[in-house]
Amino acid sequence: MCARQQRTQDQEQRQNPHQSLDPAPEGKVSCRYNLRQSVPRNRGSRKAHPHCLRGLNMSYEQSYLYKLRHSAAHLMAQAVTELYPSAKLSIGPPIENGFYYDIDFESPLKEEDLEKIENKMRELSNLKEPIVCRPAKDKEEAKKVILDETTNGQGPENALYKLQLLEAIPDGDAVTFYEQRATDKQGKEHAFIDLCRGPHVENTSEIKNFKLLNLAGAYWRGDVKNKQLTRIYGTAFETKDELEAYLHNLEEAKKRDHRVLGRELGLFMFSPRVGTGLPLWLPKGATLRHVMTDFLQKEQVKRGYEPVVTPHIANIKLYEKSGHIQTYRDKMFPFMEDEEKETYILKPMNCPFHIEIYQSQLRSYRDLPVRYAEFGTVHRYEQSGEVTGILRARGFTQDDAHLFVTPEQLQDEFIGVVDLMQTVLAKLGLKDFRARVGTKDPGSDKYVGHDENWVAATKAIMDACDVMKLEYEVSPGDAAFYGPKLDLMIKDALGREWQMGTVQVDYNLPERFELEYIGEDSKPHRPIMIHRAPFGSLERMIALMTEQYAGAFPFWLAPVQVAVLPIADRHNESAQQLADRLRDSVYDTRALRVEVDDRRETLGKKIRENQRHKVPFMLVLGDRDIEAGTVGVRHRERGDLGAMPLADCLKMILEEPDTTSDPA
RNA sequence: GCCGAUGUAGCUCAGUGGUAGAGCAGCUGUUUCGUAAACAGCAGGUCACCAGUUCGAAUCUGGUCAUCGGCUCCA
């Protein structure tokens with residue numbers, strides 16, 4: 001587990017997820033390491049050391065490539081300052097698959113300006129500027145260097161961000177500058193000095209294979225309250241081939257984007273007449289959902305969960321009591337208000353409903369744990385810039401459940417949930433994920449409940465992870481407002497990381513709702529709640545799996561498992577009969593999902609299209625087969641397997657494994 | 001929400017001020033075919049929407065909306 005990624009870097013130096021597509025140049029940028037040894041993400045420490053980059057895999061951080069990219073960021077900054085002398089530089093770190101630099105421009109940069117900057121970079125690279133480290137005696141001297149030598153004659157205001165970075169460096173720590181300087185043929189001097197801990201390559205002529213990729217806005221120090229700077233993303237490699245391979249991979253990744261495949265495979269759609277972020281599930285996508293929820297449902301029944309079903313709207317008072325309104329008011333769809341009557345809201349969470357059901361009767365300690373599960377559709381008014389296909393939709397389905405447990409049961413129940421999640425992920429074939437324990441950020445006031453509850457809940461999560469030998473990383477500030485949580489994180493085709501499964505230990509909602517059970521001592525006690533969702537969002541999970549499998553879902557999940565292809569019209573009836581037999585599970589308890597492609601097209605075309613729709617098995621039926629009782633079998637990955645007796649073919653289909661190789 | 005980009009037929013995309021184009025998909029007809037695209041014809045667009053500039057706007061300007069890449073957020 002644990003993905004190829006850095007993760008504990010300073011917030012200002014967060015990787016660009018867009019850049020983190022695995023270019024896989026011999027695993028050079030691959031960075032696996034023990035999560036437990038990683039430095040926890042901590043906003044406080046990020047701010048204390050904004051100019052250092054930690055948490056990257058040591059081999060990458062120490063590699064030539066890492067230095068090269070860092071130097072490429074400097075070269076870009078030099079080009080920018082020559083072209084736009086009033087631009088104010090802030091930070092420009094290397095990241096997993098490249099580098100960026102955050103710059104405050106006087107007038108907005110256009111995408112076409114990138115080419116200009118690239119050309120200038122080439123010019124400077126050709127000057128073969130030596131890059132040298134210049135240590136400063138102390139911060140005082142460093143300040144002088146910044147003001148005297150890095151402002152392009154624009155005055156102290158130009159060094160605004162660099163001075164703030166300098167201030168954040170602890171007194172006594174080494175302060176260094178890197179300087180690159182050369183004179184061109186016309187005798188003009190080009191010089192660039194940047195506050196930087198390095199290290200760098202020795203000469204700008206080493207920076208040859210680079211490309212500026214895109215522009216983005218990025219808040220100074222990652223804080224919305226600060227000014228938004230312009231971030232220029234780029235990448236650099238040691239060789240031209242590696243650069244081209246990376247850019248090629250980027251293009252390939254776009255083809256497995258779930259939005260592209262979702263349309264091609266007929267899984268889901270969006271309509272402007274319905275609304276942003278509100279998916280419409282087409283028959284094949286709905287089938288996929290059914291297969292997945294059916295699987296989880298059965299797994300949950302085995303583990304003592306009970307199903308419940310709750311409405312899509314509720315009286316707002318329910319959510320005032322839970323605290324959701326106070327925290328998320330402006331991230332909900334507009335309230336349904338009526339002057340005379342009560343106000344209702346579209347539900348953004350299922351928990352208060354399940355709590356109501358728990359409270360509907362007096363509970364004994366003998367009844368606990370109570371485990372209520374529901375595939376609950378919720379609606380959240382996500383920010384317009386955040387909606388991303390079905391990865392982040394405004395209407396989605398949680399595979400939600402709430403466990404009401406005694407303190408003694410907490411650990412076992414939590415472990416049971418983690419076990420379920422691992423079972424689910426193994427079945428879905430998802431391996432490349434990481435675990436994150438989101439804890440309370442002491443500096444924030446968005447949390448409810450007493451500290452002792454938070455401490456107990458956090459300890460319960462970490463203890464359970466230890467028992468399960470699950471490696472995790474602690475991430476302060478990533479807790480839910482009512483409690484800490486364990487999240488499983490996974491990347492999409494473009495390398496962006498998403499939260500999927502989640503488990504939360506919650507002492508606070510039981511308190512707010514005054515939940516009770518009668519203990520052995522015949523006195524009332526307060527249960528603890530576990531919120532959990534192994535998929536997280538069914539929509540997001542389907543998006544991630546679509547990308548992971550490039551649309552070629554494992555056999556058990558494929559919306560269409562078998563396509564029967566009659567060669568000519570006269571074979572259509574036999575084809576239908578064969579399909580019906582497969583659907584009726586004549587041969588097995590497993591009813592197969594079968595389609596007959598009886599269009600008047602050539603066999604080649606039928607094969608091509610079913611192949612493009614990633615149908616696992618195609619059964620070709622012609623005169624010879626009907627005569628001999630055989631079918632021509634074609635497997636999605638293995639190709640034409642020739643004619644075989646029907647019985648053999650069925651045996652093969654039913655033995656098809658639940659996993660699949662990735663044909664993309 | 002913020003920064004940047006994009007919006008032409010169902011899909012992928014041409015079209016830089018003078019009567020809207022191609023391929024695929026679709027429809028109709030012919031073909032009845034053995035493992036990744038048969039042949040022919042037809043139809044399909046208020047060029048996202050609303051204003052403006054102009055004799056004339058897909059094309060220039062402004063606004064709105066949606067989508068895409070980031071930032072921030074994600075109960």
Side-chain angles (χ1 to χ4, degrees), chain A residues 11-12 14 16-19 100 102 105 108-114 213-220 222-233 254 257 259-260 263-264 269-272 275-277 319 322-328 330-332 347-352 378 380 382-389 392 398 400 438 446 448 478-483 485 487 494 496 498-499 502 504 506 509 531 536-537 540 565-572 600-612 618 620-625 632-635 639-643:
Chain A
Q11 184 170 15
E12 293 85 345
R14 296 259 296 264
N16 168 15
H18 174 66
Q19 306 301 324
Y100 67 77
D102 283 352
F105 286 92
L109 207 61
K110 298 255 171 61
E111 220 141 79
E112 63 208 41
D113 296 325
L114 293 183
L213 294 167
N214 43 30
L215 287 172
Y219 300 104
W220 167 234
D223 190 334
V224 263
K225 294 195 284 287
N226 291 339
K227 184 166 185 188
Q228 192 163 54
L229 312 178
T230 302
R231 175 172 296 180
I232 308 174
Y233 283 107
K254 285 179 189 160
D257 186 312
R259 289 162 297 197
V260 173
R263 184 175 53 232
E264 284 176 5
M269 60 173 275
F270 290 94
S271 162
T276 294
Y319 286 91
S322 70
H324 285 95
I325 293 288
Q326 292 84 323
T327 315
Y328 292 107
D330 41 342
K331 287 170 185 170
M332 292 180 181
K347 83 168 161 184
M349 281 297 285
N350 303 301
C351 14
V378 296
R380 301 176 182 176
E382 304 286 4
Q383 294 189 86
S384 59
E386 275 301 346
V387 176
T388 304
R392 184 90 179 259
Q398 292 178 318
D400 211 355
K446 74 169 191 177
V448 299
D478 277 321
F481 76 86
Y482 48 74
K485 56 183 186 152
D487 294 326
L494 289 175
R496 297 175 293 203
W498 300 88
Q499 175 192 316
T502 183
Q504 298 154 14
D506 178 9
L509 290 184
H531 308 237
S537 143
R540 177 174 294 178
L565 314 184
I567 286 176
D569 286 354
R570 65 179 176 278
H571 311 122
N572 285 357
R600 294 184 62 173
E601 296 289 353
T602 57
L603 181 63
K605 180 144 181 170
K606 291 179 183 179
I607 287 172
R608 178 182 165 84
E609 291 187 5
N610 282 284
Q611 190 76 39
R612 281 175 51 167
M618 285 174 250
V620 176
L621 210 55
D623 289 332
R624 296 204 302 261
D625 299 298
V633 181
R634 188 185 170 90
H635 187 272
D640 185 5
L641 303 176

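Chain naming here is simple, since letters A, B, ... match the order of the sequence lines and numbering starts at 1 in each.
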Can you measure [X] atom [atom1] to [N] atom [atom2] for me and round it to whole angstrom units?
X: D487(A); N: A75(B); atom1: CG; atom2: P; result: 8 Å
X: E264(A); N: C24(B); atom1: CD; atom2: P; result: 17 Å
X: D569(A); N: C33(B); atom1: CG; atom2: P; result: 10 Å
X: L565(A); N: A36(B); atom1: CG; atom2: C1'; result: 12 Å
X: D625(A); N: G34(B); atom1: CG; atom2: P; result: 12 Å
X: R392(A); N: A75(B); atom1: CZ; atom2: C1'; result: 11 Å
X: R263(A); N: C24(B); atom1: CZ; atom2: C1'; result: 13 Å
X: K225(A); N: C71(B); atom1: NZ; atom2: P; result: 18 Å

My understanding is that a pair needs two contacts under 3.5 Å, Watson-Crick or G-U wobble. By that rule, which nucleotide pairs with [N]?
N: G45(B); result: none
N: G4(B); result: C68(B)
N: U16(B); result: none
N: A9(B); result: none
N: U28(B); result: A40(B)
N: A58(B); result: none

Notebook entry, point to check: Planes under 30° and centres closer than 5.5 Å, is that true for F481(A) with the base of A75(B)?
Noted result: no

Margin query: Generate the contact string for nucleotides 1-7 of chain B. Rules: B means base contact, S means sugar-phosphate contact only, - means no protein heavy atom under 4.0 Å.
Written below: BBBSS--

May I ask you to verify if any side-chain N or O of [X] is less than 4.0 angstrom from the OP1 or OP2 atom of [N]?
X: R231(A); N: G69(B); value: no
X: R634(A); N: G34(B); value: no
X: S322(A); N: A75(B); value: no
X: R259(A); N: C68(B); value: yes
X: R570(A); N: C33(B); value: yes
X: K254(A); N: C68(B); value: no

Next item on the list: Please say whether more than 12 non-hydrogen atoms of neighbouring residues, nucleotides or ligands are located less than 6.0 Å from NZ in K110(A).
Entry: no

Whole-Å [atom1] distance, [N] and [M]:
N: G15(B); M: C73(B); atom1: C1'; result: 41 Å
N: A66(B); M: C49(B); atom1: C1'; result: 10 Å
N: C65(B); M: C13(B); atom1: C1'; result: 23 Å

Next item on the list: Would you mind reporting whether M618(A) and Q611(A) have side-chain heavy atoms less than 4.5 Å apart?
Entry: yes

Could you work out, with salt bridge (charged side-chain N to carboxylate O under 4.0 Å, His left out) as the rule, every residue matching [X], not counting sequence neighbours?
X: E264(A); value: none
X: D506(A); value: none
X: R608(A); value: none

Notebook entry, point to check: Minimum heavy-atom separation for N572(A) to P566(A), with atom names?
Noted result: OD1-CG, 3.2 Å

Check: When the nearest nucleotide of RNA chain B is assigned to C351(A) and to E609(A) on a heavy-atom basis, which residue is associated with the more 5' position?
Finding: E609(A)

Notebook entry, point to check: Where each residue is assigned the nucleotide of RNA chain B containing its nearest heavy atom, which of A479(A) and D640(A) is assigned the position nearer the 5′ end?
Noted result: D640(A)

What protein N or O atoms touch nucleotides 38-48 of chain B N or O atoms at under 3.5 angstrom, if any, and at what distances?
residue	atom	partner	partner atom	Å
A38(B)	OP1	T602(A)	OG1	3.3
A38(B)	OP2	T602(A)	OG1	2.5

Would you mind classifying the nucleic acid contact of [X] as base, sugar-phosphate or nothing, using non-hydrogen atoms under 4.0 angstrom?
X: V378(A); result: nothing
X: K485(A); result: sugar-phosphate
X: Y482(A); result: sugar-phosphate
X: P348(A); result: base

By side chain to side chain contact (heavy atoms under 4.5 Å, CB included), which residues pair with [X], not counting sequence neighbours?
X: D330(A); answer: none
X: V387(A); answer: T276(A), E382(A), R394(A)
X: F270(A); answer: F268(A), P279(A), I390(A)

Next item on the list: Evaluate the criterion side chain to side chain contact (heavy atoms under 4.5 Å, CB included) for residue pair F105(A) and D113(A); output intermediate values, then yes/no.
Entry: CA-CA 12 Å; F105(A) 286 92; D113(A) 296 325; over 6 Å; no

Notebook entry, point to check: With respect to the side chain of Y233(A), which nucleotide from C71(B), U35(B), G34(B) is positioned closest?
Noted result: C71(B)

Margin query: Under the rule for side chain to side chain donor-acceptor pair (under 3.5 Å), what residues qualify as partners of N350(A), not counting sequence neighbours?
Written below: K347(A), Q398(A), D400(A)

Next item on the list: Could you check whether the rings of Y319(A) and H324(A) sit parallel, tilted or perpendicular, using 30° and 60° as the cut-offs?
Entry: perpendicular

